[in-house]
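Remember, it's a predicted structure, so these values are computed and weren't measured experimentally. Residue numbers start at 1 and run along the sequence shown.
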Amino acid sequence: MLMRTDPFRELDRLTQQVLGTAGTWSKPAAMPMDAYRAGDEFVVCFDLPGVAPDAIDLDIERNVLTVKAERRPLPGGDDVEMHVSERPLGVFSRQLFLGDGLDTDRIAADYEAGVLTLRIPVAEKAKPRRIEIGGDRSDRKEIRA
């Protein structure tokens, strides 16, 4: 139901991690995610530690879900001297191509402990269902030639 289409995304993420490059609005960095199916819904979790909830944007257009977030620098001043700065700052983004079998009108989003969790229900039309077979032979009239 979820489709991954960018084979170089993981390579970009590793390069950014090693080089410490930050994402920008024109070239956002990748954000790690897990995706799994639990019963009649897909669950997608994005790691966004240190990101304020108001700095996260969720958009969906034509079955393409876009998650964008910005980790801003800590407030500082003239009396602040940075000794270690390893946490990446900047813009992070991820796009998911959702299949037609998902109900994009009922996506639920929660953000807790630095993890954005999306719950995407399977559409009723995509759920397995039993099809009854009709055709009781006692109702039919016999035709003789």
Asker: Has Arg71 got a side-chain atom pairing as donor or acceptor with Pro49's backbone, closer than 3.5 angstrom?
Answerer: yes
Asker: Measure the shortest side-chain to side-chain distance between Asp103 and Ile120 over non-hydrogen atoms and say whether it is less than 4.5 angstrom.
Answerer: no
Asker: With a 4.5 Å cut-off on side-chain heavy atoms, are Leu102 and Pro121 touching?
Answerer: no
Asker: How far apart are the closest heavy atoms of Leu58 and Ala109, and which atoms are they?
Answerer: CD1-CB, 3.6 Å
Asker: With a 4.5 Å heavy-atom cut-off, do Phe46 and Val115 have their side chains touching?
Answerer: no
Asker: So, taking the atom named CD1 in Ile60 and the one named CD in Gln95, what distance separates them when rounded to the nearest 0.5 Å?
Answerer: 11.0 Å
Asker: With a 4.5 Å heavy-atom cut-off, do Leu118 and Val43 have their side chains touching?
Answerer: no
Asker: Has Arg37 got a side-chain atom pairing as donor or acceptor with Gly39's backbone, closer than 3.5 angstrom?
Answerer: yes
Asker: Test Asn63 against Phe97 for side chain to side chain contact (heavy atoms under 4.5 Å, CB included), laying out the working first.
Answerer: CA-CA 6 Å; Asn63 289 6; Phe97 296 88; over 6 Å; no
Asker: Is the backbone of Met31 close enough, under 3.5 Å, to the side chain of Arg94 for a donor and an acceptor to pair up by distance?
Answerer: yes
Asker: Contact between Leu96 and Val44 at the side-chain level, heavy atoms closer than 4.5 Å - yes or no?
Answerer: yes
Asker: Is there a side-chain contact between Leu65 and Asp59 in this structure, where contact means two heavy atoms from C-beta onward sitting under 4.5 Å apart?
Answerer: no
Asker: Could you give me the CA-CA distance, side-chain angles and deciding distance for Ser93 and Thr66, then say whether side chain to side chain contact (heavy atoms under 4.5 Å, CB included) is met?
Answerer: CA-CA 7 Å; Ser93 179; Thr66 303; 4.3 Å; yes
Asker: Enter the distance from Asp110:CG to Leu116:CG here, rounded to the nearest 0.5 Å.
Answerer: 8.5 Å
Asker: Please check: side-chain N/O of Tyr111 versus main-chain N/O of Val51, any donor-acceptor pairing under 3.5 Å?
Answerer: yes
Asker: Hey, could you give me the CD/OG1 distance between Glu112 and Thr117, rounded to the nearest 0.5 Å?
Answerer: 8.0 Å
